[in-house]
Amino acid sequence: MKMMTNAKKTNKQKEETKKRSSITAKWVSVMAATITVSFVIFSVGIYLLLRQQLIAQNEQMSNEIVSTFQKRLEEIPTNFRTSNVVPKLSPNTRKILAGEGSLNTNDEVNIFNDSILATLSNKETTVTLYNPQKEVVFTNSKTTVPKLKTLKSAHVQNLVHTGHGLELDVYQKVYSRDNKRLVGYIAVKNTMVQTNHVLKTIRVSMIIFSLIVIVIFMGLTFVVISSWAKPVKRISELARKIDKDPNSEERLPKLKRTDELGELTDSFNEMLDRMQAYIRQQKQFVGDVSHELRTPVAVIQGHMNMLNRWGKDDPKILQESIDASLQEANRMNHLIQEMLDLTRAEQIDVQFPNEVSDVNSVLERTVNNLRMIHPDFKIIYDDADLKSNTKIKMYQNHLEQVLIILMDNAIKYSQDRKEIIVDASTERETVEISVQDFGEGIALEEQQMIFNRFYRVDKARTREKGGNGLGLSIAQKLVEGYHGKISVTSQLGSGSIFKIEFPLLKSGSEDEKSE
Ligand code: ADP
């Protein structure tokens, strides 16, 4: 049965591992897709721009050829024929046709004719001349020339996609310069071999380059994402370990990075520390409480057993046992009330965020109450340095509770000299209240411990006085809950001074009124 659950568990863990690793894969694929898309957009953009540029160059070239031919051929007044066209293109051609020598002495004509000859001998460009009946009268094309289609305007330019790439066809109607008659057509076909080759090279290089970049980026992304996923993986592994053994002292190794992951690791460790301290505190609290309750319960149980066995017949013993049990029951009641107070004192911020106390009136009221309850004590209240209308951010019942705890202790632990001095003064930014007694005092090594829960200097004697060792813990929690401070100065045999301090409520108008 146990083996089965174990098997189930490992399966579950495997599933979880699968899920985790798929997150890395997901990230890498998202990054790869993003990079690919961006690269493709970028490459296509650049490619289209270059293509546009090269086409424009070819267009310019073809149009220049067309206009060069047009200028020469416009001089012909009649329909194009091989015999009137060829001499216009080159005197050399004419001479070759007529069987004459090929030299011409006119330089100007030579330059012009040379450019036409150069065009005619260019492999990329073929020039075809048609008569108005669209019959070919001249061509330098080595392949068959297509039939001329009807032209919508005098100048037509077509970019054609062929099996070999792009091709640019330019058509021009030629009108005689003299009589304005349509004498023929010029068709210039540019196969753009060079351009197609350049574009193909760019395409291939861009694909190869993009593939290389995508692979490199994917590798980098994998490395980066893995380095991010590693601490997260460690955190979840540790969380699982702590889940099994909440007392484990294991922590995440400190990361050298200062980014969010470093912060996450630090705060995770801090959270574990706090959580475990809280668990320890809770355990200690339960232990302390059960220990504290054990004595009164044992006392009541002892009395009841005694009465059960023989005591109930003796009215004196019966009365004594009832009194003792009642006293213990009262003590338990008091203890439970104090434990509740302590728990509440730990949640002040949430429950009383905006309460304000008037220090003067709370102090006066509390001192007067104590005077009434303990008429045998001389309670001196010195408020000479307390400005009127001194206010602090605190629920007034809590201020009263702290004062009662301190004055009650002062009375409880006083000896022969039954005198208590309560002093209050308003400082620049704080209000200070001290409660002084002239009783037994507290040894230096005990002074910090008395604020711990259930700590009593002399257990037996304090118990007699009805103390549970919770009063000062409650007072400390309350004071610190309102951002105040509590401290003690004491000398064994001479007495103690407990001092509390709170930040003044910042309200200009109130301060001015009191001055
Ligand atoms: P308790 O309810 O037992 O008085 P406290 O938390 O108020 O618990 O006090 C803790 C211990 O500190 C007391 O048991 C006592 O020993 C010591 N103590 C507190 N106040 C005084 C005081 N004014 N003079 C001497 N000892 C004091």
Side-chain angles (χ1 to χ4, degrees), residues 281 284-285 287-289 291-296 299 327-346 366-367 370-371 373-374 376-381 398-424 432-481 484-501:
Q281 231 178 337
Q284 172 90 35
F285 187 64
D288 289 348
V289 168
H291 182 257
E292 292 303 316
L293 286 173
R294 203 171 291 144
T295 318
V299 173
Q327 200 185 344
E328 291 305 318
N330 282 337
R331 180 191 294 284
M332 277 200 282
N333 198 5
H334 184 62
L335 180 65
I336 290 164
Q337 184 56 48
E338 281 197 323
M339 285 189 308
L340 274 176
D341 284 348
L342 188 64
T343 317
R344 285 190 194 125
E346 280 166 1
T366 318
V367 169
L370 263 283
R371 274 181 187 145
I373 305 170
H374 301 279
D376 50 333
F377 268 83
K378 184 178 169 197
I379 303 178
I380 302 164
Y381 175 41
H398 283 159
L399 178 59
E400 202 171 319
Q401 195 174 359
V402 174
L403 291 171
I404 290 175
I405 290 170
L406 297 183
M407 289 192 222
D408 216 36
N409 277 350
I411 289 166
K412 250 191 324 200
Y413 303 106
S414 280
Q415 289 169 318
D416 304 334
R417 188 168 163 187
K418 291 181 181 295
E419 185 180 328
I420 287 162
I421 304 172
V422 179
D423 183 277
E432 285 181 12
I433 305 164
S434 64
V435 178
Q436 181 176 12
D437 65 69
F438 303 92
E440 59 193 60
I442 309 155
L444 194 64
E445 62 272 19
E446 312 261 15
Q447 284 177 14
Q448 283 318 305
M449 318 239 258
I450 53 172
F451 294 98
N452 295 345
R453 272 186 325 226
F454 299 109
Y455 188 86
R456 284 160 292 188
V457 175
D458 183 337
K459 291 228 173 220
R461 229 153 43 89
T462 335
R463 216 177 116 70
E464 270 166 38
K465 295 181 185 190
N468 293 312
L470 284 177
L472 287 178
S473 316
I474 297 171
Q476 188 186 41
K477 288 268 156 18
L478 285 174
V479 170
E480 288 175 357
K485 283 185 211 148
I486 183 164
S487 58
V488 60
T489 352
S490 181
Q491 209 176 3
L492 213 52
S494 314
S496 320
I497 305 173
F498 280 86
K499 193 166 96 179
I500 52 175
E501 209 177 302

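Note that the structure is predicted; figures quoted are calculated from it, not measured. Order of appearance sets the numbers: ligands from 1, and atoms from 1 within every ligand.
Contacts between Ile442 and ligand 1 below 4.0 angstrom, taking non-hydrogen atoms only, involve the side chain exclusively. With a 4.0 Å cut-off on non-hydrogen atoms, Asn468 touches ligand 1 through its backbone and not its side chain. Here Glu446 has no heavy atoms under 4.0 Å from ligand 1, in either its backbone or its side chain.
In the candidate list Gly471, Ser490, Gly469, Gly469 is nearest to atom 1 (P) of ligand 1, counting heavy atoms.
For ligand 1, none of its N or O atoms has an N or O atom of Glu440 under 3.5 Å away. Polar contact with ligand 1: absent for Arg456 (N/O pair, distance under 3.5 Å). Polar contact check, Ser473 against ligand 1: no nitrogen or oxygen pair lies under 3.5 Å apart. Taking distance alone, with nitrogen or oxygen atoms compared against 3.5 Å, Phe498 stays at or beyond that limit from ligand 1. By the 3.5 Å distance cut-off applied to N or O atoms, Ile405 is not counted among the residues near ligand 1.
Using cut-offs of 30° and 60° on the angle between ring planes, the pair Phe498 and Phe451 is perpendicular.
The closest donor-acceptor contact from the side chain of Ser414 to the backbone of Gly439 lies at 3.5 Å or more, if one exists at all. A donor-acceptor pair under 3.5 Å is formed between the side chain of Thr343 and the backbone N or O of Met339. Between the Glu501 side chain and the Ile433 main chain, no donor and acceptor come within less than 3.5 Å of each other.
At least one heavy atom of Lys412 sits under 4.0 Å from some atom of ligand 1. Every heavy atom of Gly439 sits 4.0 Å or more from the atoms of ligand 1.
A salt bridge does not link Arg331 to Glu338: none of the charged side-chain nitrogens sits closer than 4.0 Å to a carboxylate oxygen.
Interface atoms of ligand 1 facing Leu470, defined by a heavy-atom separation under 4.0 Å, are 6 (O), 8 (O). Near Ile450, with a cut-off below 4.0 Å to any heavy atom, the atoms of ligand 1 are 6 (O), 10 (C), 11 (C), 12 (O), 17 (C).
Listed by chain and number, the residues in a salt bridge (charged side-chain N to carboxylate O under 4.0 Å, His left out) with Glu432 are Lys499 (sequence neighbours excluded).
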Check: What's the verdict on salt bridge (Lys or Arg N to Asp or Glu O under 4.0 Å) for Arg453 and Glu292, showing C-alpha distance, side-chain angles and the deciding distance?
Finding: CA-CA 11 Å; Arg453 272 186 325 226; Glu292 292 303 316; over 6 Å; no

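Between the side chains of Gln401 and Asp341, at least one donor-acceptor pair of N or O atoms lies under 3.5 Å.
Between Leu492 and Glu440 there is no side-chain heavy-atom pair separated by less than 4.5 Å.
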